[in-house]
Amino acid sequence: MTPITLFNTKTRQSERFTPIDAASVRMYVCGATVYDRAHLGNARPVIVFDTLFRLLRHVYGVDHVTYVRNFTDVDDRINERAAKTGRAIGDITRETIGWYHDDMDAVGALRPTAEPRATDYIAQMISLIEVLVSKGHAYEAEGHALFDVRSYPAYGKFSGRSVDDMIAGARVEVAPFKRDPMDFVLWKPSTPDQPGWDSPWGRGRPGWHIECSAMAHDLLGASFDIHAGGIDLQFPHHENEIAQSCCAHPESDFARNWLHNEMLLVEGRKMSKSLGNFFTVRDLLDQGVPGEVIRFVMLQTHYGKPMDWTVAKAEQAEATLRKWRGLIDGVEASVPDERFVAVLAENLNTAGALAELHRLAGSDPAALAASARLMGLLEPDMGAWAETAGPSADVSELIAELLESRSAARANRDFARADALRDGFAAAGVVVKDTPTGVEWTLAPSFDLARLQALK
RNA sequence: GGCGGGUUGGCGGAGAGGUUACGCACCGGAUUGCAAAUCCGUGAAGACCGGUUCGAUUCCGGUACCCGCCUCCA
């Protein structure tokens, strides 16, 4: 069995991954709040941890890995969106989840084993909060249920902060009913026009962090193997999840391995609406950037480092994928290459794994196909973009005719005519390759029939 | 202010205390009437200053610059 090592944010070191139960490996990834199209930054953890999911399935067996990724469908941003557009919340979340699936499918992410929605787990959240209250880790104040950070001495350990330092540097206004400024909301009251559920603390809705603790416990158990998400979630989200889960179930470990991906930049700068470099996955797809290219670019940088999205990278990735797709055309995939898998298993070194694919491209196309598919690339059903539009019979005939005049011109040593045809093909977007087995041609995206006809 | 990450050849980007990363580009060669494609090959790095070591780009400390988190965020 291929040994997998992972950098565990919790211990801040690389560790040999050993599942609690090799017959049931369990992973939880923080998903999306569904109020709008997923932006490019949302796609990074999806692609990265999809690759981990695929690796785990390869090593432990397809039926022995459970991957849970949640949808946050109760959130004030969703409420705002509903108020602004006059639409029902359920419509907005349903539509956004549909978009999310479309976009993440397009970048080659497998659907997780389970995609729980927060609103389906309100009862579990309420009982989890009740447990915390009963154990003295949470308290009620003015319709809120709040987590008492001072009741959990390890609070802050995970993200390397101390409660006192955080209070000193805090820039937040502190609600007067909090016992400690860092106490966070488990449950908050809703006004009549806001979504709400009945609870021991009155009609209200859950705080942000409680859903992951409740859903992870319900679907994966009190202790599970991997919990992952963006590094920006380390604090407060994951710190708070740990506080909630470990206080409610002190006998368990909650998640043993924590993985965090670094952030995304665009042309060297943080992606933001004000810089005008903010875009969604759908924007890129609509511009003709194939999902497979997005995936390749994402995997080119190790997940632990900031990843810079640039147009140049996308172009280069497209050229490489086009070349590889040509190499495996008609080739039946064999099995993933051992060295490739070993590199990928070293803390999900996708950049190193791509280098192994380059090696295989020069030696073993069947292994290239199988290996690439292990990381969600070169999948047969993702390759439509690389196929040139089937030329019409007329066009094929015209090209055949022109190629014949070219050979004739060569035979007659009429190099002026031969060169004119050579350059003409290129200008018209017909890529002609002379190979030992004969002439091959393909149409480039820039194919221009008029210019081709002019060559006659 | 507190916490964390980064700085590798023209560009992108990994691993490893000592031996070629790799890709793209470039250059040389083969091939071609000339090209394209293909194949072979060369060159090119480790922000700066110290320390540990027989030896550091790799470990430790400091400096500079960049970035992220601490507030919704993947």
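First the proteins, then the strands, lettered A, B, ... as listed; each starts at 1. Just so it is clear, the model here is predicted, and its values are computed rather than measured.
Distance CZ (A/Phe296) to C1' (B/rA14): 14 Å, rounded to an integer number of Å. One can place CG of A/Asn8 at 16 Å from C1' of B/rG4, the figure rounded to the nearest angstrom. Atom CD of A/Glu239 is separated from atom P of B/rU71 by 13 Å (rounded to the nearest Å). Counting to the nearest Å, the P atom of B/rA74 and the CZ atom of A/Arg69 are 12 Å from each other. In this structure, the CD1 atom of A/Ile231 is 11 Å from the P atom of B/rC70, given to the nearest Å. One atom, NZ of A/Lys10, and another, C1' of B/rG4, lie 19 Å apart when rounded to the nearest Å. One atom, CZ of A/Phe7, and another, C1' of B/rG5, lie 10 Å apart when rounded to the nearest Å. With rounding to whole Å, A/Phe340 atom CZ is found 16 Å from B/rA14 atom P.
Applying the Watson-Crick and G-U wobble criteria (two distances, each under 3.5 Å), B/rA56 pairs with nothing in any strand. Judged by Watson-Crick or G-U wobble contacts below 3.5 Å, the nucleotide B/rA74 has no partner. Of all nucleotides present, only B/rU63 satisfies the Watson-Crick or G-U wobble test against B/rA47, with each distance under 3.5 Å. The partner of B/rA37, taking Watson-Crick or G-U wobble pairs whose two distances both stay under 3.5 Å, does not exist in any strand shown. Pair check for B/rC3 finds B/rG68; Watson-Crick or G-U wobble, both atom distances under 3.5 Å. B/rG15 is unpaired under the Watson-Crick or G-U wobble criterion, no partner having all donor-acceptor distances under 3.5 Å.
When heavy atoms are screened at a 4.0 angstrom cut-off, A/Arg359 is found touching no nucleic acid atom at all. Contacts of A/Asp419 with the nucleic acid, taken as non-hydrogen atoms under 4.0 Å apart, include base atoms. Using a 4.0 Å heavy-atom distance criterion, A/Ala426 is classed as making no nucleic acid contact. Among the heavy atoms of the strands lying under 4.0 Å from A/Gln300 are primed sugar atoms or P, OP1, OP2 only; no base atom is included. Across all strands, A/Arg161 comes closer than 4.0 Å to base atoms (heavy-atom distances).
Comparing the P positions of B/rG28 and B/rG68 gives a spacing of 43 Å, expressed to the nearest Å. Distance noted for atom C1' between B/rU19 and B/rC26: 26 Å (whole Å). Only the P atoms considered, B/rU58 is 8 Å distant from B/rA47, to the nearest whole Å. Nucleotides B/rA45 and B/rG23 are separated by 16 Å at their C1' atoms, to the nearest Å. With P as the reference atom, B/rG2 and B/rA25 are 47 Å apart, rounded to whole Å. Between B/rC59 and B/rA14, the distance separating the two P atoms is 15 Å to the nearest Å.
Of the candidate nucleotides B/rC24, B/rG13, B/rA74, B/rA74 has the atom nearest to the side chain of A/Asn261. Distances from the side chain of A/Leu233 to the nucleotides B/rG33, B/rA74, B/rA14 place B/rA74 closest. Closest to the side chain of A/Leu264, from the set B/rC72, B/rA74, B/rG23, is B/rA74. Listed nucleotides: B/rA74, B/rG5, B/rG15. Nearest to the side chain of A/Glu262: B/rG5. Checking B/rC70, B/rG33, B/rG23 against every side-chain atom of A/Gln316, the shortest atom distance belongs to B/rG23. Out of B/rG33, B/rA14, B/rG13, the shortest distance to the side chain of A/Asn349 is found at B/rA14. Considering only the side chain of A/Arg12, B/rG4 comes nearest among B/rA35, B/rG4, B/rG23. Candidate nucleotides B/rC69, B/rG33, B/rA14 were compared by shortest atom distance to the side chain of A/Phe235, and B/rC69 ranks first. For A/Glu346, taking side-chain heavy atoms from C-beta onward, the closest of the listed nucleotides B/rC70, B/rG15, B/rA14 is B/rG15.
Of the residues in residues 27-42 of chain A, those with a non-hydrogen atom less than 4.0 angstrom from any atom of RNA chain B are A/Gly31, A/His39, A/Gly41, A/Asn42.
Taking side-chain N and O atoms only, A/Lys305 has a distance below 4.0 Å to OP1 or OP2 of B/rU7. Within the 4.0 Å cut-off from OP1 or OP2 of B/rC3, not a single side-chain nitrogen or oxygen of A/Ser159 is found.
Contact detail for A/Ile328 and A/Ala369: the closest heavy-atom pair is CG2-CB, 4.0 Å. Considering every non-hydrogen atom in both A/Ala409 and A/Arg417, the closest pair reads CB-CG, 3.7 Å. Closest of all the heavy-atom pairs between A/Pro336 and A/Val341 is CB-CG2, 3.8 Å. Across A/Pro45 and A/Asn261, no two heavy atoms sit closer than the pair CB-OD1, 3.3 Å.
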Legend entry - Criterion side-chain contact (heavy atoms from CB on, under 4.5 Å) on A/Tyr155 and A/Val163, from CA distance to verdict: CA-CA 7 Å; A/Tyr155 188 79; A/Val163 174; 3.6 Å; yes
Inset, instruction - At under 4.0 Å between heavy atoms, which parts of nucleotides 37-47 of chain B does protein reach? Answer with one letter per nucleotide, 5' to 3': B base, S sugar-phosphate only, - none. - result: S----------
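Note that CE of A/Met125 and CG of A/Asp120 are 9.0 Å apart. Values are rounded to the nearest 0.5 Å.
Note on ring orientation: taking the six-membered ring where Trp is involved, the planes of A/Tyr100 and A/Phe71 are perpendicular (angle over 60°, cut-offs 30° and 60°). In this pair, A/His227 and A/Trp258 present their aromatic rings parallel. The plane angle is below 30°, not in the 30 to 60° band.
Salt bridge A/Glu356/A/Arg359: present, at least one basic N to carboxylate O contact under 4.0 Å. A salt bridge links A/Arg87 to A/Glu95: one of the charged nitrogens lies within less than 4.0 Å of a carboxylate oxygen. The pair A/Arg325-A/Asp329 does not meet the salt-bridge criterion, since no charged nitrogen lies less than 4.0 angstrom from a carboxylate oxygen. A salt bridge is defined here as a Lys NZ or Arg NE, NH1 or NH2 lying under 4.0 Å from an Asp or Glu carboxylate O, and A/Asp434 with A/Arg410 meets this definition.
Side-chain contact check for A/Ile226 versus A/Leu56: some heavy-atom pair is nearer than 4.5 Å.
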